[in-house]
Amino acid sequence: MSGSLACVGIGMTLGAHICPLSKSYIEQADVVFSAVSHGITELWLQEMHQDVRSLQKYYQEGKSRQITYNEMVTAMMTEVRAGKKVVGAFYGHPGVFAQAPHKSIAMAKAEGFPAKMIPGISAEDCLIADLGIDPGRFGCQQFEASQFMFYKRQYDPSSYLILWQIGSAGDRSLTKFSTGAAYRLVLIELLSEKYPLEHQVILYEAAVLPIDNIRIETISLSELVGADIHMHTTLVIPPSEKMLPNEKLVARLAEIEQELA
Ligand SMILES: C[S@@+](CC[C@H](N)C(=O)[O-])C[C@H]1O[C@@H](n2cnc3c(N)ncnc32)[C@H](O)[C@@H]1O
């Protein structure tokens, strides 16, 4: 079976973030499928390869994203099964908050085709750089915003909290491109169990085109309800509390150190 699949990341900023390995996979592919956030990025991919097919066309407001993801997987797998060297070029990192690359790679492997993922620079990587955050300093938890609302998640207000897909937070139907104030109010209520309403949170948007302005807008948690939020906005909540020392555990470690000394 000669077909193969590589899902590669092209990073966030057009032309600036792609690694040589992803570029080489794209150039050597028989067919490239693209899931990118901007039409210009699609044109840029077409300069690297003559057969670039958009996966974005499967997204439609009112259609379940689950159907969209399955259609993306089917489109790529049909060509893999036909013996082609297939590349899926995804913006950011193909494995970060993205179902189709994981699903298609698992399916290709299960059917005996070589399949792999090549990482890319994700929105998280950009926000770490642009906001000057080190996830190792206080810890960092991240969730898809709707999942964070649908399930009783344990989270720690002494660490960073990153909520992805905040624009469609609370959409149970998986069909909406954006949800409005009523949904956000529910999210704010949930977050207010751990954070004061005046706690400062950040709306973040990385640059997609090199000329784009990076959005770093600091607002209070309560202002989130009326904020301008897009599909490509990520919410960053800095810690509101100090880390609590675990004195009992530290004492046990001290005992071990004494015994060893
Ligand atoms: C389906 S996920 C894809 C993430 C992508 N795979 C990555 O590596 O960043 C879409 C979410 O990523 C985040 N995102 C996408 N583009 C962004 C941008 N330009 N700036 C900040 N966050 C972005 C938003 O939270 C958005 O709702």
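Indexing begins at 1, ligand by ligand and atom by atom, following the structure's order. Computed from a predicted structure; not experimentally measured. All heavy atoms count here, side chains included; hydrogens, waters and symmetry mates do not.
Counting the atoms of ligand 1 from 1 in the order shown, those under 4.0 Å from a heavy atom of Gly92 are 7 (C), 8 (O). Atom numbering of ligand 1 starts at 1 in the shown order; those under 4.0 Å from a heavy atom of Thr234 are 13 (C), 14 (N), 21 (C), 22 (N), 23 (C), 24 (C), 25 (O). Each of the atoms 20 (N), 21 (C) of ligand 1 lies under 4.0 Å from some heavy atom of Glu205. Counting atoms of ligand 1 from 1 in the listed order, those under 4.0 Å from a heavy atom of Tyr204 are 21 (C).
Remark: minimum distance from atom 3 (C) of ligand 1 to any protein heavy atom is reached at Tyr91 OH, 3.4 Å. Taking atom 6 (N) of ligand 1 as the reference point, the nearest protein heavy-atom neighbour is Val96 O, 2.8 Å. Protein heavy atom in closest approach to atom 2 (S) of ligand 1: Phe97 O, 3.3 Å. When only non-hydrogen protein atoms are considered, atom 12 (O) of ligand 1 lies nearest to Trp164 CE3, 3.3 Å. If you check which protein heavy atom lies closest to atom 8 (O) of ligand 1, you get His93 N, 2.7 Å. Of the protein's non-hydrogen atoms, Met12 CE, 3.4 Å is the one closest to atom 16 (N) of ligand 1.
The part of Met231 lying near ligand 1 is the backbone, judged by heavy-atom distances below 4.0 Å. By the criterion of a heavy-atom distance under 4.0 Å, neither the backbone nor the side chain of Phe90 is placed next to ligand 1.
Side-chain atoms of Thr218 and Gln200 form no donor-acceptor pair, as typed in the model, at a separation below 3.5 Å. Thr233 and Glu205 form a side-chain donor-acceptor contact under 3.5 Å, judged by distance and modelled atom types alone. Looking only at atom types and distance, the side chain of Ser168 has no donor-acceptor partner in the side chain of Gln165 under 3.5 Å away.
Between the side chain of Asp125 and the backbone N or O of Ile121, no donor-acceptor pair lies under 3.5 Å. Between the side chain of His38 and the backbone N or O of Ile40 there is at least one donor-acceptor pair closer than 3.5 Å.
Taking distance alone, with nitrogen or oxygen atoms compared against 3.5 Å, Ala123 approaches ligand 1 more closely than that limit. Looking at ligand 1, you'll find an N or O of Gln165 within less than 3.5 Å of one of its N or O atoms. Between Ala206 and ligand 1, a contact under 3.5 Å exists for at least one N or O pair. Among the atoms of His232, some N or O lies under 3.5 angstrom from an N or O of ligand 1.
Counting only heavy atoms from C-beta outward, the side chains of Val86 and Phe33 approach each other to under 4.5 Å.
Follow the hydrophobic side-chain contacts under 4.5 Å out from Met117 and you never reach Ile26; the two are in separate clusters.
Cation-pi geometry between Lys103 and Tyr69 is not met at under 6.0 angstrom from the ring centre and within 45 degrees of the axis.
Within the 4.0 Å heavy-atom cutoff, Ile166 does not count among the residues contacting ligand 1.
Contact record, Ala206 with Tyr204: CB-OH, 3.2 Å, taken as the closest heavy-atom pair. The shortest non-hydrogen separation linking Phe138 to Pro239 is CD1-CG, 3.8 Å.
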Passes ring pair (Phe, Tyr, Trp, His ring centres under 6.0 Å), Tyr151 versus Phe143? Steps please. CA-CA 11 Å; Tyr151 297 89; Phe143 300 94; over 10 Å; no

